[in-house]
Amino acid sequence: MGDLRFSGHDSFQCRNLWLKKGYDFVMKSKESKSPFNNNLAVIDLGVGKNMVSSIRFWMKAFDMLDDENELPTNLASYLLDKDGKDPFLEDLGTLWLLHYKLVSKSEASIYNLVFNKFRKHRIEFKKTHLINFLISECERLDENHSPNSIETDVGVFLKNYVAPDPKEGKNNIEDHYASLLIELNLIKKIENYVGDKFELDKDWYKIESSERESLPIEIFLYVILDNEEILGSSISFQKLLNAENSPGNIFVMTPDALVSKIHELTKKFNGIVYTEDAGVRELQITGEFNKESILDQYYGRN
């Protein structure tokens with residue numbers, strides 16, 4: 001995964017329209033080198049200086065901006081251009097795709113660590129549990145990171161995924177509901193029975209496993225095709241469930257949920273077969289599949 005990183009967002013979670021705003025800005029300024037460092041970026045983007053840095057960070061974290069020349073990636077143009085497939089990120093399938101990119105690219109380390117490792121240790125957790133886990137990962141890798149930076153990163157991480165408590169102030173709720181990924185319902189506050197009713201616990205969270213009915217089968221297949229670590233003519237069920245950046249990890253799926261998605265996959269696409277022989281479960285890909293064409297199929301039917 002490379003060196004860990006727990007900063008760069010200036011304490012801002014990614015807002016709904018920031019990736020589109022950043023894309024349009026870069027396309028307008030693509031003749032300039034490092035356009036986000038230009039003094040006019042504040043005016044052109046219509047946000048404060050810290051938010052300029054944050055938009056740049058999130059574009060890289062979601063694989064919308066290349067690291068070398070700070071130009072849009074092919075995927076960014078595919079989605080966000082004026083004739084793109086989903087420029088305003090209104091399709092839930094796009095959010096699942098962006099979640100995958102955020103976790104697998106590892107520009108922001110916490111996302112990769114939570115979905116690939118932390119959730120296997122704890123499903124229900126408090127902020128302190130996650131902070132301590134991240135600190136231990138830094139120690140294991142012999143990296144020095146400020147505990148304050150890690151704590152701030154945990155707060156931003158939760159804002160990206162967790163719906164706000166209705167009891168929060170109006171401004172906080174409006175700001176929080178502008179977060180990009182809360183519709184995925186991957187992480188929730190835990191409800192406790194208080195008095196005669198259930199109330200959200202302000203301290204405890206749960207990484208929610210479910211059938212992922214809202215996950216399009218094409219996005220599920222794209223993740224398999226995009227992962228060179230697991231891709232092959234035969235892929236074991238355990239790799240699909242537990243390997244680094246596997247669909248089981250990325251989408252927080254139980255074994256039964258993964259089997260259900262695999263069966264849906266085999267019904268949808270010729271050239272993909274799932275076998276269970278002598279206790280060995282494998283997904284066999286016998287046809288020729290192109291991940292970009294799979295995205296075209298998805299957005300072509302929407």
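Residue numbers count from 1 along this sequence. Both backbone and side-chain heavy atoms feed into the values below; hydrogens, waters and symmetry mates do not.
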Between Phe133 and Lys117, does a side chain to side chain contact (heavy atoms under 4.5 Å, CB included) hold up when you go through it step by step? CA-CA 10 Å; Phe133 167 79; Lys117 293 184 177 182; 3.8 Å; yes
Rounded distance [0.5 Å steps], CD1 in Ile131 versus NE2 in His129: 10.5 Å
Should Glu151 and Lys127 count as an ion pair when the cut-off is N to O under 4.0 Å? no
Which residues satisfy the side chain to side chain contact (heavy atoms under 4.5 Å, CB included) test with Glu229, sequence neighbours excluded? Asn227
When you measure from the side chain of Asp10 to the backbone N and O of Phe12, does any donor-acceptor pair fall under 3.5 Å? no
Phe125 and Phe118 aromatic centres sub-6.0 Å: yes
Check Ala41 against Phe36 and note the closest heavy-atom contact, atom names and distance. CB-O, 4.0 Å
Given side chains that start at C-beta, do those of Leu134 and Ile110 come closer than 4.5 Å, heavy atoms only? yes
By the definition salt bridge (charged side-chain N to carboxylate O under 4.0 Å, His left out), identify the one residue from Lys20, Lys21, Lys28 that meets it with Asp24. Lys20
Is it the case that more than 12 heavy atoms not belonging to Asn74 sit under 6.0 Å from its CG atom? no
Do His99 and Phe62 have their ring centres less than 6.0 Å from each other? no
Return yes if some donor-acceptor pair links the side-chain N/O of Arg5 with the main-chain N/O of Asp3 below 3.5 Å, else return no. no
How about Ser104 and Asn245: does a side-chain donor come under 3.5 Å of a side-chain acceptor? no
Are Pro247 and Val252 side-chain neighbours, meaning at least one heavy-atom pair lies under 4.5 Å? no
Which residues pass the ring pair (Phe, Tyr, Trp, His ring centres under 6.0 Å) test with Tyr100, sequence neighbours left out? none
Excluding sequence neighbours, so at least two apart, what forms side chain to side chain contact (heavy atoms under 4.5 Å, CB included) with Asp277? Thr275
Under 3.5 Å, side chain of Ser179 to main-chain N/O of Lys159, donor-acceptor pair present? yes
Step by step, work out the side chain to side chain contact (heavy atoms under 4.5 Å, CB included) result for Met253 and Phe220. CA-CA 12 Å; Met253 305 180 81; Phe220 178 80; 4.1 Å; yes
For the residue pair Leu241 and Ser246, establish whether any side-chain heavy-atom pair is separated by less than 4.5 Å. no
Quick one: do Phe25 and Leu75 end up in the same hydrophobic cluster if we chain Ile, Leu, Val, Met, Phe, Trp and Tyr together by side-chain heavy atoms under 4.5 Å apart? yes
Taking side-chain hydrogen bond (donor to acceptor under 3.5 Å, both in side chains) as the test, write out the residues that go with Arg281, two or more places apart. none
Nearest-0.5 Å distance, CD1 of residue Ile43 to CG of residue Asn38: 9.0 Å
Output every pair passing side chain to side chain donor-acceptor pair (under 3.5 Å) with a member in residues 40-59, not counting sequence neighbours, ordered by first then second residue. Asn37-Arg56, Ser54-Trp58, Arg56-Glu70
Test item: Met64 and Leu98 side chains (from C-beta on) under 4.5 Å apart, heavy atoms: yes
Do any N or O atoms from the side chain of Asn242 and from the backbone of Gly248 form a donor-acceptor pair under 3.5 angstrom? no
Nearest non-hydrogen partners of Ala243 and Asn249, listed with the distance: O-ND2, 2.9 Å
Without swapping roles, check the side chain of Asn132 against the backbone of Thr128 for a donor-acceptor pair under 3.5 Å. yes
If you measure only the distance, is there a donor-acceptor pair under 3.5 Å linking the side chains of Thr94 and Tyr299? yes
Got a sec, which hydrophobics cluster with Ile123, joining ILVMFWY side chains under 4.5 Å apart, including via others? none
Does Leu221 share a hydrophobic cluster with Leu92, counting links as ILVMFWY side-chain heavy atoms below 4.5 Å and allowing steps through other members? yes
Set of ring pair (Phe, Tyr, Trp, His ring centres under 6.0 Å) partners for Phe237, sequence neighbours left out: none
Is the number of heavy atoms from other residues, nucleotides or ligands within 6.0 Å of CD (Glu282) greater than 12? yes
Can you confirm whether Asp67 sits close enough to Lys60 that some side-chain heavy atom of one is under 4.5 Å from a side-chain heavy atom of the other? yes
Looking at Glu264 and Lys267, does any basic side-chain N land under 4.0 Å from a carboxylate oxygen? no
Run the ring pair (Phe, Tyr, Trp, His ring centres under 6.0 Å) test against Trp96 and tell me which residues pass, sequence neighbours left out. Phe251
Would you tell me whether Asp86 and Tyr78 have side-chain atoms, one donor and one acceptor, within less than 3.5 Å of each other? no
Would you sort out whether Asp91 and Leu95 count as a side chain to side chain contact (heavy atoms under 4.5 Å, CB included), showing the intermediate values? CA-CA 7 Å; Asp91 192 303; Leu95 299 186; over 6 Å; no
Could you tell me which residues satisfy salt bridge (Lys or Arg N to Asp or Glu O under 4.0 Å) with Asp63, sequence neighbours excluded, listed by chain and number? Lys101
I need the minimum non-hydrogen distance between Val42 and Gly48, along with the two atoms involved. CG2-C, 4.4 Å
Determine whether more than 12 heavy atoms belonging to other residues, nucleotides or ligands lie under 6.0 Å from atom CG of Asn270. no
Do any N or O atoms from the side chain of Glu124 and from the backbone of Tyr205 form a donor-acceptor pair under 3.5 angstrom? no
Quick check: does any side chain N or O of Asp153 sit under 3.5 Å from a backbone N or O of Ser149, one acting as donor and the other as acceptor? no
Quick check on Glu276: does its CD atom have over 12 non-hydrogen neighbours (other residues, nucleotides or ligands) under 6.0 Å away? yes
Donor-acceptor under 3.5 Å (Thr286 side chain, Gly271 main chain): yes
Using ring pair (Phe, Tyr, Trp, His ring centres under 6.0 Å) as the criterion, list what pairs up with Phe57, not counting sequence neighbours. His9
One pair to check against side chain to side chain contact (heavy atoms under 4.5 Å, CB included): Asp226 and Leu231. What are the steps and the verdict? CA-CA 8 Å; Asp226 190 59; Leu231 185 60; over 6 Å; no
Please determine whether a side-chain nitrogen of the Lys or Arg among Lys126 and Asp203 lies less than 4.0 Å from a carboxylate oxygen of the Asp or Glu. no
Following the transitive rule for hydrophobic clusters with a side-chain heavy-atom cut-off under 4.5 Å over Ile, Leu, Val, Met, Phe, Trp and Tyr, establish whether Val47 and Leu80 coincide in one cluster. yes
Answer yes or no: is there a side-chain heavy-atom contact under 4.5 Å between Leu240 and Leu258? yes
Would you say the side chain of Trp18 lies within less than 4.5 Å of the side chain of Asn16, judging by non-hydrogen atoms? no
Is the distance between the ring centroids of Phe157 and Tyr161 under 6.0 Å? yes
Hits for side-chain hydrogen bond (donor to acceptor under 3.5 Å, both in side chains) against Ser210, two or more places apart or cross-chain, chain-then-number order -> Arg212
Does Leu102 reach the side chain of Leu181, with side-chain heavy atoms less than 4.5 Å apart? yes
Check: Pro72 main-chain N/O paired with Asp66 side-chain donor or acceptor under 3.5 Å: no
Given a cutoff of under 4.5 Å between side-chain heavy atoms of I, L, V, M, F, W and Y, with clusters grown through shared members, what are the other residues clustered with Phe88? Leu17
For Tyr23 and Ser77, which heavy atoms make the closest approach, and how far apart are they? OH-OG, 3.4 Å
